[in-house]
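Reading through the structure tokens given below for one structure.
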Amino acid sequence: MARQPPNYELLSEEKTKEMLKLFKGERTGFVLVGPKKYFFPFRYIEQAEGFYNFKARSDDTWLLSHPRSGTTVMQELIWLLANDLNFDVAKKRLLTERFPFFEFSLFNHPEVTQEFLLFNKDDTVKQQLCREIALPGYKVIAEMPSHTPRFIKSHFPFSMLPGLLDVGCKIVYIARNPKDVVSSWYHLNRSISTQGFLGDFSTFFEYFLNNLTPWSPYWEHLKEAWNLRNSKNILFLFYEEVIHDFPKTIKKVAKFLGKTYTLSDEEINKLTNHLNIQNFRNNPMVNYSELKACKIIKDNSFIRKGGNGNSEDIFTPELNVKIEKWIEENLKDTDLRFPSFNT
Ligand code: A3P
């Protein structure tokens, strides 16, 4: 029997009207899911059951995060370690195919998909991609071959995912400090048409702090994962630590994935070099060049500057005070602390 996904309520009419004017990637409305009121587009209503009842397998590896927390670099690292450093395939096949995104379909409104098809009307390959990204991961991933391990990216919080802990699959969660997340998330919301955000940073910032950006509330998302961090089969990482010391992260992730071989210094250097943001940004297999080619992303905004604290210049003194206070308040009831390094 199908499990009942978390209940939802509709965002108020007034807020919906306001947000539809600013977030042009959505055309119908928004819902708030479960007791923590996770914010999603309207299509959650029709797809929730499929996501919640997806059959995870024990040989799956899931990578979870709030958007803009270093998911993409971690996907590439996990995939390479799990596939015996098969750089040949990694250089030929898109990361989005090797490591698909579970719920991106929620962010592909049918009207927007029609617009994507129209921009790409002279290219059937690009049109095919515009159709594929709108397919729910619970269908696409379920059809992947049963004899090869699967790698799945999701930004859903634990409470919205199918029971991953029960099946024994491996789960990596990556967290990043909220100042860098909100700035990075703003830039992507402006440049990716599935979000189509038209406002300025201070407007986006208010939505983020008020838990009205996709996949928020940020703190609930993190705390759900933080509270599970000591469970078997979960590895909780901080982006700040990952980029501060790639070799250490590589060894930690390899161990977690159950790799018994020892990586040589040469292999670790090769991986570190491959993941270095300068190279990563120019790697068409990981930098979402396919979305850029279809005019779904406007610029190179998926892989940007990276780093820790690089977003400072976007915060006015007022916004800075506000977010610092928000961070302080939300850290009161938890022992979660972000590592600070100058990277
Ligand atoms: P910035 O926008 O702050 O530059 P996600 O993959 O979860 O969407 O996270 C995106 C953030 O990770 C972006 O942050 C991006 O630049 C950064 N990033 C992507 N690849 C990286 C890499 N190889 N090394 C360090 N940071 C990276």
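Treat the numbers as computed from the prediction; the structure is a model and nothing was measured. Ligands are counted one by one from 1 in listed order, and the atoms in each one are counted from 1 as well.
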Under 3.5 Å donor-acceptor, K259 side chain and K251 backbone: no

Those protein residues which place at least one heavy atom below 4.0 Å from ligand 1: R68, S69, G70, T71, T72, V73, R176, S184, Y239, I243, L275, I277, F280, F302, I303, R304, K305, G306

Cluster overlap M144 with V167, hydrophobic side-chain contacts below 4.5 Å: no

N/O donor-acceptor pair under 3.5 Å between D123 side chain and V125 backbone: yes

Polar contact flag, side-chain donor to acceptor under 3.5 angstrom, K36-N211: no

Non-neighbouring partners of D313 that pass side chain to side chain contact (heavy atoms under 4.5 Å, CB included), sequence neighbours left out: K305

Rounded distance [0.5 Å steps], CG in L291 versus OG1 in T96: 7.0 Å

